[in-house]
Structure formats: structure tokens, C-alpha cells
Amino acid sequence: MSPSSQMQPGPEPAVKKSLLVVEHLTMRFGGLIAINDISFVAADREITAIIGPNGAGKTTVFNCLTGFYEPTIGRLTLNHPQRGRFMLERMEGHLIPAQAGVARTFQNIRLFGAMSVLENLIVAQHNTLMRASGFSFAGLIGLPRYSRAEARAVERARYWLDRVNLTARADDPAASLPYGDQRRLEIARAMCIEPALLCLDEPAAGLNPRESADLNRLLLDIRNEHGIGLLLIEHDMTVVMGISDHIVVLDYGRLIADGTPEEIRSNPAVVRAYLGEEEDEDLPEEVAHDIDVKREDD
Amino acid sequence: MATASAPKPPAFDLAAALKEAGLTAFVMLALAAGIVAFHIVDVPGGLAIETRFGTAIAVAALGFFGRLGVILLRTARPLPVLVVALAAAAVWIAALLAESLFGPDWAARLQMTLPFDDVVVNWIVALTALGFALRALWMLRNAGASAEEIVDRDAAMDSVAARVARSSRYIGPVLLVAAVVFPLLIFMPETAWLPSVDRRLLDIGILVVTYIMLGWGLNIVVGLAGLLDLGYVAFYAVGAYSYALLATHFNLGFWICLPFAGMMAAMAGMLLGFPVLRLRGDYLAIVTLGFGEMIRVVLLNWYKFTNGPDGISGIPRPTFFGLPFSRTADDGGETFYSFFGLPYSPTDRVIFLYYVILALALLTNLFTLRIRKLPVGRAWEALREDEIACRSLGINPRNTKLTAFSIGAMFAGFAGSFFATRQGFISPESFTFIESAVILAIVVLGGFGSQIGIVLAAILLIGLPEFFRELQQYRMLAFGAAMVLIMLWRPRGLLAFREPTIRLHHGVSPPAQTVAAARPDEVA
Amino acid sequence: MEYFVQQLINGLTLGAIYGLIAIGYTMVYGIIGMINFAHGEVFMIGAFISLICVMVLGMFGLTWVPLALLVTLIVTMALTAVYGWTLERIAYRPLRGSPRLAALITAIGMSIFLQNYVQLLQGARVKPLQPLISGGFEIMRREGFVVSLSYLQLFIWILTLVLMTIFTLIITRTALGRAQRACEQDMGMASLLGINVDRTISLTFVMGAALAAVAGLIFLINYGVIDFYIGFLAGIKAFTAAVLGGIGSLPGAMLGGLLIGLIEAFWSGYFTVEYKDVASFSILVLVLIFRPTGLLGKPDIEKV
């Protein structure tokens with residue numbers, strides 16, 4: 001289990017730099033096998049979509065990646081363009097975003113509801129600000145070093161607020177935003193940690209077609225302008241087919257296909273497991289409803 | 001009753017209403033049947049039983065009519081409620097005041113109408129009836145406006161809380177000046193327009209400020225970080241014993257021990273917090289409660305160290321830069337009075353104590369106001385809102401919680417050492433769970449995170465019962481009831497209002513205006 | 001050895017009390033996922049109602065102990081159950097769906113209220129009761145040390161066993177038990193399927209309160225002294241028992257109760273009486289840290 005050498009990802013062409021390498025990822029809950037021996041590679045500056053029917057284990061992959069679950073078996077390697085290589089499965093949950101630069105959003109949006117939109121984005125820059133405030137001691141006595149750092153943090157927040165069209169609502173509580181705005185705010189918040197890999201869990205769920213198109217543009221812009229990799233769980237096929245560079249298909253916790261959108265579209269196994277089912281067309285509403293129900297449970 | 005434009009009131013079904021009210025009366029009767037209707041009294045050689053059937057029946061009857069009133073109001077039929085409630089309230093209040101208003105003859109006759117033996121309970125009943133009457137009157141005047149009343153009420157309270165929070169810019173300094181000037185009034189000759197301040201009032205003042213400080217300290221843990229700490233009094237105890245032991249064993253002064261006591265409490269917070277802070281809300285609550293009791297049991301039984309239930313006495317009083325407030329110094333040195341050439345007065349020490357705790361409390365407040373605008377403070381609040389999201393943003397939940405827990409403990413430690421120096425004597429009896437509950441009640445009542453709300457709650461919950469001694473025995477009962485009612489009425493606390501710690505758009509304060517005013521220039 | 005047996009007997013009796021209270025915690029936790037903080041006070045109220053009932057019966061000249069105990073048992077269970085019902089109605093139902101912290105604070109408020117309500121109405125002095133059942137078996141005797149099992153302890157064990165059996169049957173065999181388990185799994189779905197969720201939750205509180213009332217009665221006749229403050233410590237320890245056994249698990253609650261009773265008895269017997277409370281709290285903390293699911297609980301996967 002040495003973390004060095006032998007890290008030559010197989011399936012991808014040599015030109016692309018691999019950002020995330022998932023090898024033999026397996027997750028068991030008691031007797032239940034949620035994901036079984038999944039391997040794939042997500043390249044830098046690409047949008048990789050993970051698709052599959054409900055219960056295929058997509059969110060579990062995310063939870064393993066972002067440290068919420070410890071995988072039963074498997075290796076998760078992140079090659080950060082600046083900071084080097086990280087073994088995600090061995091890292092403590094909160095260090096994965098802080099050090100390896102893996103940011104994520106959640107299926108059922110998790111904002112800091114009582115805090116303002118701006119504060120949500122400032123909290124995301126916690127570690128930078130914490131250092132600048134001298135772990136609060138310098139901040140408490142009001143050294144200018146901290147106020148300068150805070151001003152920079154506000155600037156970055158303002159940049160992302162402009163990008164997601166929320167500048168006007170900056171001082172309102174996050175919970176008071178409409179649903180679509182909350183989704184975009186969560187993406188902006190994740191981007192504020194300056195990630196190398198952004199993991200989005202059903203970002204288009206519950207959005208109307210116009211919002212969904214805006215989202216596509218935003219995600220493409222993030223890829224092109226910020227040069228980071230995106231990992232996307234999505235049910236909305238217009239989003240998936242429209243913007244992904246690479247698609248990974250899961251079914252019952254297994255990887256059944258891996259390739260470009262064109263390859264996936266014509267893959268018989270995928271068609272059988274996923275795209276062939278009629279009811280997928282109107283999934284967004286269903287998913288949105290699903291989420292509403294879940295929230296009431298919370 | 002209702003105007004034509006108003007929505008049709010819900011149908012009123014007399015039989016169903018009577019049934020519902022009857023059921024309430026039955027439940028009340030069952031509740032009263034054991035504990036209320038019979039009273040176990042101590043008699044020589046054992047116990048005897050007394051009956052209080054009248055009280056139990058009164059409880060059931062009040063339950064019946066109260067429920068009926070609620071149903072009538074709910075179905076928008078305020079007129080009968082107004083008439084009956086007003087009449088009842090008028091008779092009862094007249095009866096309660098009869099002794100001084102009408103003389104003993106009338107008083108005896110009127111007092112027959114009172115449902116209970118106890119004056120305070122009767123007042124509560126009378127005021128509740130008055131409340132019903134006012135509510136009915138309000139409904140009559142705003143016919144049909146009861147549709148979304150819960151939402152409306154919350155919005156109304158929000159705006160009140162917002163107004164209080166905004167005006168705290170002015171209320172704060174006013175209260176501060178009042179707090180600073182308050183003890184000086186003791187020197188004023190008694191006049192018609194100034195309340196007379198005596199030693200007792202000053203003592204109450206010290207007590208209230210101590211609780212304000214404890215409330216502010218606990219607010220860091222509960223209000224900001226969202227960690228329900230039911231063992232807060234343990235850290236208060238650690239602070240008190242740290243000072244008492246250091247002072248009595250090593251002859252150290254208050255000011256030297258104060259930071260040390262705070263540190264000890266913070267360390268205790270860290271030690272206790274480290275293993276348990278990963279637990280979820282209610283588990284954390286019960287474990288902290290357990291810890292609070294554990295520390296008390298240890299204090300009670302570690303006789304060699306803490307002197308057990310006998311406590312520690314002879315704790316030295318604080319000095320004014322080394323000058324004691326006593327008639328003569330022990331070592332023949334200077335006293336405060338000899339140094340400044342003032343005549344000896346025992347009141348001065350109390351005034352000095354008052355300013356000490358005021359300064360400590362203000363320090364707590366200042367700290368909280370500043371830390372809220374720092375990354376740690378924001379991380380605390382974020383943690384309260386969503387721990388999982390925090391983790392996904394690279395915030396270390398355990399360390400962040402630990403800082404909140406131990407900083408809160410530190411302020412309790414400061415307050416504890418003040419308590420020790422003020423009392424001159426401490427024993428484990430002062431640090432029971434009830435104390436934690438009182439502090440929590442103050443934080444809850446004031447509204448999580450509202451600094452000014454805590455001040456008002458402390459004055460209401462501590463100052464009022466201290467001032468009106470008759471209320472003393474009902475104090476804890478009222479605390480419990482207030483905690484329940486406030487959570488039902490407004491789960492975020494009475495004056496809960498959150499001002500963002502940082503703003504993008506400056507100058508416009510009310511949120512409604514912020515949106516409206518910001519749109520033209522921001523949304524291109 | 002003799003001492004060991006004697007502590008075992010005492011521990012089992014204490015364990016029966018904790019177990020009966022713990023069932024209330026565990027049932028309520030199972031169905032609404034909340035710790036009913038005021039449950040200890042319900043137990044205390046049960047003890048007071050028992051005392052009042054015994055005394056009233058004595059006043060009417062009903063002194064034949066078996067009948068008096070039976071009447072007391074039924075009356076106490078019924079009247080205390082009303083407290084459980086009211087508690088849920090006032091403090092929990094309106095806050096279903098509110099933040100956890102709110103419901104928790106209401107429960108704490110209720111607990112403080114009930115404690116002081118009893119103190120105000122019945123006084124703060126401890127209330128002693130003459131032993132109702134006396135005598136017992138002598139199990140062994142060696143060198144002057146007598147190990148005895150009193151009729152009282154035997155009665156307590158049998159009573160606990162019978163009630164446990166009845167309640168286990170209710171939970172596993174009846175429609176009410178099925179409704180409870182359905183609500184535990186998914187309240188929204190249960191209500192869609194026509195289960196009256198409010199009623200089911202109310203009945204859960206009622207059952208928990210009735211068992212706590214029995215614990216109160218047992219406490220009264222076993223120790224003979226009660227005051228308004230007994231609910232606090234007993235509540236925490238019974239909660240510890242529920243957690244130790246695995247919160248949400250009915251057999252777990254009884255097992256946890258017995259274990260806590262035994263631990264306390266042996267701790268007081270072999271170490272120090274003063275620190276027996278510290279021992280129980282330490283167990284609570286240790287279990288929560290190292291095995292939060294308890295001995296018989298189901299694992300709880302964090303939902304993200």
C-alpha cells in the first residue's frame with residue numbers, strides 16, 4: 001500500500017492529466033454492498049458526470065470522496081495541480097476540502113440558513129481567514145492584517161455573487177432565497193474554497209429549464225475559466241449530455257460503462273439500465289418532490 | 001361580528017366545542033386528582049392527608065372555560081369571550097384588591113369568588129382572563145384578521161426584535177450609563193423623583209449583573225455555537241473553587257487568581273468537551289448535565305481538597321490595587337480608606353464589587369461582539385446551522401466546537417471566582433443543576449444570540465423575584481413554564497434577531513429596503 | 001460470597017426500577033427520535049401519586065396489603081399516564097418539525113416545571129412511608145452474615161416481569177405495536193397508510209408514563225422515602241440504562257436497567273457509596289463515545 005509510483009491511470013489518453021483516480025472503490029454497510037469495486041479516472045479541466053438510476057450508489061461515491069464515509073476497500077488519489085498528490089481515503093473529512101481542494105455541494109441543499117448570503121461565502125474561506133486573524137488573537141485586538149484579509153475575502157465573495165447573480169441579495173438570510181438561487185449559492189460557496197475538484201450532487205434538481213440552461217453555462221465557465229475539474233451527479237440528461245466531457249455509469253453499485261457522451265449514448269448496457277426507461281424524462285419534478293419530502297423529515 | 005369582506009369564520013359546532021372543553025376539564029381533573037386534590041402533611045409521628053377538592057374542581061372548571069374560550073376565539077366568535085372574560089377578570093381583580101379598595105366587609109364577600117387560596121395563583125388566573133378579554137377585543141376590532149395568525153405573529157415579533165436589535169445602538173449606551181450610575185444613587189438623598197437605592201438593591205444589582213455575565217458566557221456556547229450545555233454551572237464551580245483554594249492556601253489575591261481561575265475553567269471545558277463534543281445535540285445535553293453533576297459530587301466528597309459539604313470559608317475579598325476595603329488592614333498596612341483619607345463605610349466594598357462584576361460582564365459582551373465578526377465566530381454560527389456543510393468547507397468541527405465550549409467555560413470561571421470573592425464562602429450547594437437551568441432560561445428567554453435580550457431576561461428572571469420576595473417560591477415554576485411557553489410561541493427566543501456580521505451593501509439597514517434599494521445599481 | 005449475593009439481589013431490585021423508567025425513554029426515542037427530558041419527573045409524580053393513594057386507602061380502612069397494592073398500582077398507572085399524555089400534548093406535539101433544540105428546551109422546561117409543581121403542592125420535605133410488605137426468606141447464613149431475599153423484592157421482580165411481558169406482547173403482537181413500529185420507520189408514510197400518527201405517539205407516551213408510574217410505586221415501597229427531587233437522578237440513570245442497552249430497543253432498556261442497577265449496587269458495596277453516581281455518569285459517557293448504539297441497538301448511518 002505504498003502511495004508512491006505505479007500511478008499510471010490506464011483508460012485515459014496520455015494527453016489528459018488525471019485529477020482524480022478512483023481504484024477498486026468498495027463500500028459496505030453491514031451486509032449491504034452500496035458500491036462494488038468501482039474504478040474510474042476524472043481528468044483535470046474536464047466535466048465528469050456520474051449517472052445511474054436511483055440507488056446506484058452515486059452519492060455514496062461522493063461521500064467516500066469527501067470523507068463522510070471511509071471506504072471499505074479502495075484507493076482515491078487526487079493529483080492537485082499545485083499541491084501534489086493526496087490519498088483521500090486516509091484523510092480526515094475536513095482536511096479533504098482544506099488541503100486536497102475537493103469541494104462539494106449536497107443533494108438536499110445545505111446552506112447556513114440564518115446567515116446572510118455573503119456570510120455563507122465568507123465562512124467558506126474560513127481557513128484562509130483563520131490564518132490571517134492569527135487564530136483570532138490578532139483579530140481580537142484588531143490588527144490591520146486581518147481587516148485586509150477580510151476585504152480580500154469579501155472581494156472574492158463579491159466576484160462569485162456576481163457570477164451567480166446574487167449580489168443584490170448579499171445581505172439577506174440564505175434561507176430566504178428561492179430554491180434555484182440557493183442551488184447557485186451553494187455552488188458559489190463551494191467555489192470560494194478555491195477547489196481543484198468540484199463535486200456537484202444533482203445541481204439541476206428542481207430547476208426550471210431556463211435555470212437549468214444558466215447552470216450549464218455556469219459550469220462550463222467554471223471549467224474553462226478556472227481550469228478545475230468537475231464531478232457531477234445528475235439525472236437531468238440535457239445537462240449531462242450537454243456539458244459532460246466524460247460519463248461514468250453506475251448501476252446497483254457497479255460500474256457498467258465509462259466513456260464520452262457519444263459512447264455512452266450508444267452503449268446497450270446503459271440504455272437497458274438507465275436511458276431506456278421512459279419515466280426518466282420527468283425526473284426533475286420527482287426529484288424535487290423527493291427533496292421536499294426529505295427536508296420535512298429533517 | 002365579521003364584516004362582509006372578511007373570510008367566513010370557521011363553522012362553530014356547539015356540541016363538539018362542549019365535548020372538547022369537557023375533555024379538557026376531564027384531563028385537568030385527572031391531573032389534579034392525585035397531586036392537587038390531596039396534600040400530604042407532616043404530623044407528629046408520621047404523615048397525614050388533607051384534601052383540597054375545591055382547588056381540584058376549580059382547576060377543572062377553569063380548564064373547561066378556558067378551552068371553550070380558545071375554541072370560540074379560534075372560530076372567530078369573540079363577543080361572548082369578551083363579556084365573560086372581562087366580567088371574570090373584573091370580579092377577581094376587584095377581589096384581589098378589595099382589602100385596600102373597599103374595606104374588609106366587601107373584601108370577605110368578594111374573595112369568595114376567587115378560585116384558589118393562593119394570591120399569586122389568583123392573580124395569574126385573573127390576568128389570564130384579562131388576556132382572553134384583550135384578545136377578543138382585538139379580534140372584534142380587526143374582524144376576520146385571524147387567518148394566518150401564527151405567521152403574522154412571528155413576523156410581528158421579528159420586526160419588534162429587529163427594532164430592538166437596531167435600537168440597541170442607543171439602548172446599549174443608555175443601559176450602560178444606567179448601570180454605571182446606579183450604585184452612585186445610594187449617596188443621593190432620598191428625593192421624590194429618584195428611586196431610593198439601598199444596600200439590598202445594590203446586592204440585587206450585583207446578582208443580576210452576575211447572571212447577565214453568565215448568560216452572555218453561555219450564549220457563546222448555546223446561542224452562537226448551538227451546543228446545548230446543561231452543565232454550565234460546573235465551570236462556574238471550577239472558577240469559584242480555583243480562586244477559593246488558591247486564595248486560602250497560597251494567600252494569593254483576587255486579581256492574580258482571576259485569569260488563572262478562568263484558565264482552569266477553560267481547561268476543564270476542554271477536558272470535558274474533548275470526548276463528548278462529537279455527540280449529537282440531545283446526547284450532548286444529557287452528557288454535559290451528567291458532567292455538571294459529577295463535578296458537584298466530587299466537590300461534595302473530596303473532603304481533603306474541597307472541605308466537602310462544609311465548603312470553604314474565609315475567602316479574601318478583592319482589593320483596590322492592593323488596598324483592602326476594611327476598617328484596618330491585617331498587616332497594619334494601608335487600607336482603601338486610609339490611603340484616600342476617606343471615612344470607613346461598609347457600603348463602599350459592595351459598590352466596588354458591583355463595578356468589578358460590571359467590568360467583567362462588559363468584557364464578556366465586548367468579546368462576544370468582536371468574536372462574532374472573526375472567522376471563529378462565524379464558524380461557530382455556521383456549525384450551529386449545519387455541521388456537515390462545515391466539514392465540506394474544510395472547517396474542523398471538533399476544534400471549533402471545543403473553542404466555543406472552553407471560551408464559554410472561561411467566562412463562567414471568571415464569574416465563579418467573582419462569586420467566591422463576593423460571598424467569602426462557597427459550598428457545593430451553590431452549584432446545582434438548577435443554577436444551570438436558570439442560566440439557560442435566561443439565554444432562551446432573551447433569544448439565542450441577542451445580547452440585549454439576555455440583559456432584559458436576567459432583570460426579569462433574577463431581579464424581579466429578588467425584589468418581590470413573595471414571588472420567590474414560584475420562581476422556578478415560572479422558569480419552567482416560561483421556557484415551555486416561549487419555545488411554543490417563538491422557538492428562536494423572544495428577542496431573537498440576527499444582524500449579519502458583515503454587509504456588502506452599506507448604509508441601508510432594514511432588510512426590506514436593502515433589497516429594494518440595492519436592486520437598481522446592482523442588477524444591471 | 002454472601003455479600004456478593006446480597007448486592008446481586010439489591011442490584012436486581014434497583015435495576016428493575018431503572019429498567020421500567022428506561023423503557024419510557026427508549027420507546028419515545030424510538031418513535032420521535034427525542035430524549036424525553038421530563039420522563040424522570042413523570043416517575044417522581046408516579047411515586048407521589050402512589051403514596052397519596054396508599055394513604056387515602058389507609059384512611060378508608062383498606063389495609064389488606066395485596067388489594068391495597070393492586071388498587072394503588074392501577075390508580076397510579078392511570079393517573080400518571082394522564083401526565084404522560086399531557087406532556088406530549090403540550091411540550092412535544094406543537095414542536096414536531098421544529099428544530100431539535102426547541103423541543104429539548106421545552107422538555108427541560110417541563111421537567112423544571114413539574115418538579116416545582118410537586119414541591120409547591122406537596123412540600124419540599126421528604127415523605128416517609130411505613131414498610132407495607134415485611135419479612136422474607138433467608139437464603140444463606142455464614143458467620144453471622146445473613147443473605148436475605150425479602151418478600152418485597154420478590155414482589156418487585158414478579159411485578160416487573162409480568163409488566164415487561166405484557167408490554168412486549170403489546171409491542172410485538174397488537175395493531176398498536178405495529179403502528180408504533182411503522183411510525184418509527186417513517187412517520188409520513190405511516191400517516192399516508194392511514195395510521196393515526198398523533199394517537200400512536202400519544203399512546204407511546206402514555207405507556208411510557210404508566211411504566212414509570214410502576215417504577216415510582218416500586219421506589220416508594222422499596223425505599224420508603226420520596227421527595228420531589230428523586231426524578232432527576234433516577235431519570236439520568238434510567239437514561240444511561242437506555243443508552244447502554246441501545247436506545248430504541250425495548251429488551252435493551254431492560255438489560256441496561258439491570259446492568260446499571262447491578263453496577264451501582266456493586267460499586268456501593270465494594271467501592272464508595274459517595275461516588276456511585278459518578279460511576280453511572282462515566283458509563284454513560286463511555287458508552288456514548290465508544291459504542292453509541294449500545295449493547296442491543298441498531299447501527300445508525302449518518303445521512304449526508
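- Comparing A:Ala170, A:Ala175, A:Ala114 by heavy-atom pairs within less than 4.5 Å of chain B, the highest count is held by A:Ala114.
- Closest heavy-atom contact between A:Leu177 and A:Gln182: O-NE2, 3.1 Å.
- A donor-acceptor contact shorter than 3.5 Å links the side chain of B:Trp216 to the backbone of B:Gln451.
- Both the backbone and the side chain of A:Ser116 come within contact range of chain B, each with at least one heavy atom under 4.5 Å from a heavy atom of that chain.
- Applying the ring pair (Phe, Tyr, Trp, His ring centres under 6.0 Å) test to residues at least two apart or on different chains, the pairs with a partner in residues 151-174 of chain A are A:Tyr159-A:His226, A:Trp160-A:His226.
- With chain B as the partner, the residue from A:Glu150, A:Met130, A:Met115, A:Glu186 showing the most heavy-atom pairs under 4.5 Å is A:Met115.
- Heavy-atom distances place the side chain of A:Ile193, and not its backbone, under 4.5 Å from chain B.
- Ranked by heavy-atom pairs under 4.5 Å with chain A, the list B:Gly394, B:Ala379, B:Ala389 is led by B:Gly394.
- Salt bridge absent: A:Glu234 and A:Lys58 never bring a charged side-chain N and a carboxylate O closer than 4.0 Å.
- Under a 4.0 Å N-O distance rule, the pair B:Glu381/B:Arg384 qualifies as a salt bridge.
- Your options are B:Ser392, B:Cys390, B:Pro397, B:Gly377, and the one with the most heavy-atom pairs under 4.5 Å with chain A is B:Ser392.
- Looking at A:Gln99, there are no atoms closer than 4.5 Å to chain B (heavy atoms on both sides), in backbone or side chain.
- For the pair A:Glu211 and A:Arg183, the salt-bridge criterion is not met [side-chain N within less than 4.0 Å of a carboxylate O].
- Interface remark: of the candidates A:Asn127, A:Asn165, A:Thr66, A:Val117, A:Asn127 forms the most heavy-atom pairs closer than 4.5 Å to chain B.
- With sequence neighbours excluded, no residue forms a side chain to side chain donor-acceptor pair (under 3.5 Å) with A:Thr128.
- If you measure heavy-atom distances from A:Leu161 to chain B, the contacts under 4.5 Å come from the side chain alone.
- Interface with chain A: from residues 400-407 of chain B, no residue qualifies, criterion being any non-hydrogen pair under 4.5 Å.
- In terms of modelled atom types and a separation under 3.5 Å, the side chain of A:Gln107 and the main chain of A:Asp201 share no donor-acceptor contact.
- Atom CZ of B:Phe260 is surrounded by 12 or fewer heavy atoms from other residues, nucleotides or ligands within 6.0 Å.
- By the salt bridge (charged side-chain N to carboxylate O under 4.0 Å, His left out) test, A:Arg163 pairs with A:Asp221, A:Glu225, sequence neighbours left out.
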